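First up is the structure itself, then whatever we jot down about it.
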Amino acid sequence: MQHKHSHPYQNAAGWTLLALAMPLLWWVSHPARQIVIEPVTFVFWHTVAELFAVVVSMLVFITGYRAILSVRKGAVVLLGVAFLGVGLLDFLHTMSYVGMPAAVTANTPHKSIFFWLAARLLAATALLVYALLPTVPTVTLRRKRLALVLTWAAVGLLGYIGLLWPERVPALFVQGLGLTPLKIGLEWLTIAINLLTLGVLWRRRAELITECVMALGFAVALSAVSELFFTMLGVIDKDGANMLGHFYKAAAYLYLFHATFNEALRRPLERMEVQHLREKVTLSAAPDGVLWVDDNGRILMANPAMETLTGYAVNELVGQTVDIFLPAHLRARHAQSMRDYFVNPHDRAMGLMDLKLLRRDGQMLPVDISLGHWDDEGTPHAIAYIRDLTERKKFEESLRHQATHDELTGLPNRWLFRLQLNQALARSGRAGQRVAVLFLDLDYFKTVNDSFGHATGDALLVQVGTRIRSILRENDLLARLGGDEFAILLTDLTDVDEAVSVASKLLTSLQASYRLQDQDIYSSGSLGVAFYPDDAQDSDALLRYADIAMYQAKQAGRGAYACYSKEMDRRVHEDMRLHTRLKEALAQGILQLHYQPQVDVESGEIVGAEALLRWRDPELGDVSPARFIPVAEATGLILPLSDWVLETACAQIAAWAQAGTPLRVAVNVSAQQFRQRDLPQKVRAALQRTGARARWLDIEITESVAMTQPEQAREQLNALVALGCSVALDDFGTGYSSLAYLKTLPVSKLKIDKSFMDGIPDDANDAAISRAIIALAHSLGLTLVAEGVETEAQLGFLRQFGCQAYQGWLFAKAMPAPELTQRLRAASLLSADSNSARTGLMPL
């Protein structure tokens with residue numbers, strides 16, 4: 001911020017003096033118009049004018065040398081030092097003037113003019129250098145002193161010459177003749193330097209506008225006019241031209257002092273005032289509170305933000321001690337800390353210490369304080385910046401909550417659960433009490449997500465958390481570990497039955513329906529329980545064992561709980577090993593597909609085959625599908641296994657068709673595979689890659705899979721039928737059949753489960769159910785295949801009641817593709833022989 005100053009009187013006086021210069025110069029230019037002044041009077045006024053000039057020169061020196069906060073501080077300092085020399089030379093000129101007491105040697109006009117010209121040339125040169133110098137914001141003390149020494153040395157040398165040997169200097173004034181050409185030439189040189197300075201000031205007026213460039217211009221211009229008067233001195237130097245020259249010189253010095261004073265003192269003071277105002281505005285606008293205190297803790301200044309922080313008005317704070325912000329019991333300790341600080345003061349940045357500030361209303365405000373210190377004339381002071389940490393504390397608490405709690409349900413997360421579990425184990429170990437960990441996984445949660453969307457699934461998780469929390473005790477901990485998994489920590493247990501009772505209540509509450517999207521949705525849970533110290537001694541093992549027990553509960557039929565046992569752990573390790581070996585077998589191509597023939601009940605011909613996965617492991621030997629399929633389903637390996645079975649079966653269908661023995665092959669689709677929306681696309685791609693015809697591929701699904709999501713099942717099966725495949729419903733009668741849904745599905749074949757065939761013909765219930773299934777298939781126009789036929793009696797039953805086909809050990813076990821191929825060829829040749837016998841032709 002700059003203050004603009006106008007100097008109308010100074011400018012008017014300057015222009016007036018310059019305007020009068022022309023007629024005055026004309027007036028003194030002719031000897032006839034010269035006025036000779038009486039010597040005594042002239043010497044008096046000459047001395048007055050020169051001493052005035054010396055005083056002004058010294059003022060220029062002092063103000064320039066002590067310049068502060070100037071943008072051209074270096075130039076101002078050098079100008080001031082130069083005018084020290086000018087003032088000294090003017091003083092020597094005054095002392096050596098004729099009429100003054102002899103200065104070392106007799107005073108003569110020549111002697112005084114020597115000092116005069118030296119002063120004028122030095123002043124003109126200093127002004128030119130000042131105008132030319134670029135921005136030099138500072139100058140070192142060493143350089144200032146060096147400039148002083150050089151100035152003193154130069155003046156001392158000139159004084160030595162002028163006072164002791166003035167006659168050795170070329171003549172500048174000759175008594176009776178007047179000025180010499182040398183003197184007049186040096187005056188014109190001074191004038192030329194001044195005119196050059198005026199040109200520089202004009203060219204740099206925009207840069208020097210803040211340095212009273214107008215006053216500088218008047219100083220230089222008036223100096224030039226002064227020199228013009230001194231080129232017109234007569235034979236007697238005490239004339240009007242001399243007096244006018246001194247007058248214009250004094251005026252020039254005054255304008256120069258005005259410019260120097262403005263640049264060296266007034267403008268810096270204005271800048272300091274502006275800086276003070278800026279600091280005041282900054283402190284007033286600062287969001288942090290600011291306090292200035294002395295070594296007794298007395299508040300000397302407070303900014304407006306302190307009123308917001310503390311509730312005290314600023315005028316109420318000034319004069320108080322900082323104890324006003326402290327509870328009474330902390331004041332003595334704080335006073336000692338403050339004394340220690342002023343004994344060994346040091347700056348303290350923000351973020352090093354969280355403190356509490358007592359507000360006027362009695363509330364404790366969390367704050368952070370940074371400190372600075374300085375000495376003011378030996379008295380130590382400190383300035384404190386006080387920042388309100390309320391919002392930061394809230395944010396930190398929010399981050400801490402987010403880091404330790406589940407975002408969806410607001411329950412503790414896995415990290416916090418482990419932390420509190422470890423603490424509970426430590427406490428229970430000392431108290432000799434039990435701790436139980438319950439691991440809960442929702443049943444069919446993925447089905448809910450897939451059927452109704454993730455938003456509904458999220459809402460379900462929130463309601464589950466609310467239900468569980470309502471059953472637990474106040475000190476019990478419920479956490480969401482991720483997905484649809486929850487963990488519960490029960491402490492201070494005296495008996496395991498307490499945890500079992502809680503588990504039963506939880507499962508009962510979860511079996512009730514959830515009202516979501518204006519409909520009732522069901523999702524039970526499976527729960528595993530592990531105890532400390534009975535089952536495990538540390539949190540990791542306890543959680544793992546509860547997880548193992550939960551999976552056992554899920555495998556036992558869902559909606560139940562199971563307590564951990566060592567047998568479970570052994571089973572889990574076996575499953576892990578089985579999973580690893582199965583994954584390697586799939587990657588290494590060790591797995592095989594065997595095919596169990598499906599036979600026409602009446603003719604005994606092979607009408608199809610079911611593809612069955614077989615695994616003979618180098619380490620484990622023959623592994624039953626009943627053993628490894630559940631492991632594959634639990635680990636997600638069932639999807640790549642199913643893809644491999646589909647691809648291999650299609651390749652075999654294509655091979656048998658190409659060999660002239662086409663055969664319908666049934667491929668079982670797992671529940672996980674059936675839930676994939678891209679199943680029809682996978683089947684189409686497999687058929688295209690292998691060249692198999694879709695008409696020879698049967699897709700078998702269990703009725704439980706079809707009935708779980710009937711709408712999706714209908715969509716998927718219709719797409720498969722559109723490809724040309726047939727659909728068979730496996731294990732019919734063992735699930736929760738719905739005839740209303742069944743009739744809408746594009747099923748062409750039903751399979752009677754082996755569990756019904758085992759009791760035939762002795763078990764009347766199995767026989768009755770089988771007859772009902774056969775009758776139902778006939779009424780719906782569906783083909784029937786009976787599984788697990790092992791006796792002639794079972795086959796006779798099927799033949800009696802009209803079942804079209806069967807498969808089982810009575811005809812053959814599942815066999816490798818080459819073995820079934822031989823049977824197909826043999827059957828084909830036998831058929832050809834029989835045709836030849838009937839026609840009388842030999843087969844080719």
Side-chain angles (χ1 to χ4, degrees), residues 401 404-429 431 433-445 457-458 460-512 514 523-554 556 558-565 568-569:
H401 187 272
T404 57
H405 288 75
D406 173 53
E407 183 178 2
L408 175 64
T409 62
L411 296 173
N413 62 10
R414 183 184 294 271
W415 183 88
L416 184 56
F417 184 83
R418 282 182 174 273
L419 176 66
Q420 298 205 15
L421 175 57
N422 285 326
Q423 293 172 353
L425 294 182
R427 289 194 304 269
S428 299
Q433 293 179 317
R434 277 190 175 87
V435 169
V437 171
L438 284 63
F439 199 104
L440 173 70
D441 184 88
L442 297 183
D443 298 330
Y444 310 113
F445 178 73
D458 289 347
L460 173 62
L461 292 172
V462 173
Q463 290 195 22
V464 167
T466 303
R467 282 192 190 181
I468 297 174
R469 185 69 263 178
S470 67
I471 292 173
L472 300 178
R473 299 170 301 177
E474 185 67 30
N475 61 330
D476 294 335
L477 176 66
L478 169 64
R480 182 185 174 209
L481 303 186
D484 60 338
E485 295 179 343
F486 295 83
I488 300 152
L489 174 62
L490 304 179
T491 57
D492 304 328
L493 300 178
T494 56
D495 191 272
V496 296
D497 290 340
E498 294 179 53
V500 171
S501 174
V502 172
S504 299
K505 291 178 182 178
L506 288 175
L507 295 178
T508 301
S509 71
L510 295 178
Q511 288 172 357
Y514 300 87
S523 177
S524 59
S526 299
L527 198 148
V529 187
F531 293 95
Y532 166 89
D534 309 72
D535 299 323
Q537 303 292 318
D538 62 88
S539 59
D540 290 340
L542 205 57
L543 270 170
R544 184 165 60 86
Y545 290 166
D547 190 13
I548 291 171
M550 182 274 295
Y551 274 106
Q552 291 299 314
K554 195 174 286 287
R558 303 177 187 267
Y561 71 86
C563 294
Y564 170 79
S565 67
M568 290 181 184
D569 196 24

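These numbers were taken from a predicted model, which means no experiment stands behind them.
Closest non-hydrogen pair, Pro412 versus Leu478, comes out as CD-O, 3.0 Å. The two residues Ile488 and Ile468 come nearest to each other via the heavy atoms CD1-CG2, 3.9 Å. Closest non-hydrogen pair, Arg434 versus Val496, comes out as NE-CG1, 3.6 Å. Looking at every heavy atom in both residues, Gly559 comes nearest to Ser524 through CA-OG, 4.0 Å. Scanning both residues, Gly457 and Phe445, for their nearest heavy atoms gives O-CE1, 3.5 Å. Scanning all heavy atoms of the two residues, the minimum distance from Ala499 to Ala436 falls at CB-CB, 3.8 Å.
Annotation: side chain to side chain contact (heavy atoms under 4.5 Å, CB included) contacts of Glu485 (sequence neighbours excluded): Arg414, Phe439, Asp441, Leu481. Ala560 pairs by the side chain to side chain contact (heavy atoms under 4.5 Å, CB included) definition with nothing, not counting sequence neighbours. With sequence neighbours left out, the salt bridge (charged side-chain N to carboxylate O under 4.0 Å, His left out) criterion links Asp540 to Arg418. Thr494 meets the side-chain hydrogen bond (donor to acceptor under 3.5 Å, both in side chains) test with Glu498; sequence neighbours excluded. Considering only residues two or more places apart in sequence or on other chains, Ser501 meets the side-chain hydrogen bond (donor to acceptor under 3.5 Å, both in side chains) condition with none of them. With sequence neighbours left out, the side-chain hydrogen bond (donor to acceptor under 3.5 Å, both in side chains) criterion links Asp538 to no other residue. With sequence neighbours excluded, the residues satisfying side-chain hydrogen bond (donor to acceptor under 3.5 Å, both in side chains) with Ser539 are Asn422.
Leu490 pairs with exactly one of Val437, Val529, Leu472 by the side-chain contact (heavy atoms from CB on, under 4.5 Å) rule, that one being Leu472. The residue from Val502, Leu440, Leu507 that alone fulfils the side-chain contact (heavy atoms from CB on, under 4.5 Å) condition with Tyr561 is Leu507. A side-chain contact (heavy atoms from CB on, under 4.5 Å) with Leu510 holds for exactly one of Ile471, Val464, Leu527; it is Val464.
With rounding to the nearest 0.5 Å, the separation of CZ in Arg467 from CD in Gln511 is 10.5 Å. Glu407 CD to Asp458 CG: the interatomic distance, rounded to the nearest 0.5 Å, is 10.0 Å. Note: Tyr532 OH to Leu421 CG = 10.5 Å, rounded to the nearest 0.5 Å. His405 contributes atom NE2, which lies 10.5 Å from atom CH2 of Trp415 (distance to the nearest 0.5 angstrom).
Side chain of Asp535 to backbone of Ala530: no donor-acceptor contact under 3.5 angstrom is found. Judged by distance alone, the side chain of Ser428 and the main-chain N or O of Leu425 form no donor-acceptor pair under 3.5 Å. Gln552 places no side-chain N or O within donor-acceptor distance of the main-chain N or O of Ile548, the cut-off being under 3.5 Å.
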Kindly indicate, with the supporting measurements, whether the criterion side chain to side chain contact (heavy atoms under 4.5 Å, CB included) is fulfilled by Tyr564 and Leu542.
CA-CA 10 Å; Tyr564 170 79; Leu542 205 57; over 6 Å; no

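Thr491 has its side chain out of reach of Gln433: every pair of non-hydrogen atoms, C-beta onward, lies at least 4.5 Å apart. Side-chain contact between Thr404 and Leu419: absent, with no pair of heavy atoms (C-beta onward) separated by less than 4.5 Å.
Here salt bridge (charged side-chain N to carboxylate O under 4.0 Å, His left out) pairs that include residues 471-484, with residues two or more places apart or in two chains, are Asp406-Arg480, Arg473-Asp476. The salt bridge (charged side-chain N to carboxylate O under 4.0 Å, His left out) pairs that include a residue from residues 500-510 number zero, where partners must be two or more places apart or lie in different chains.
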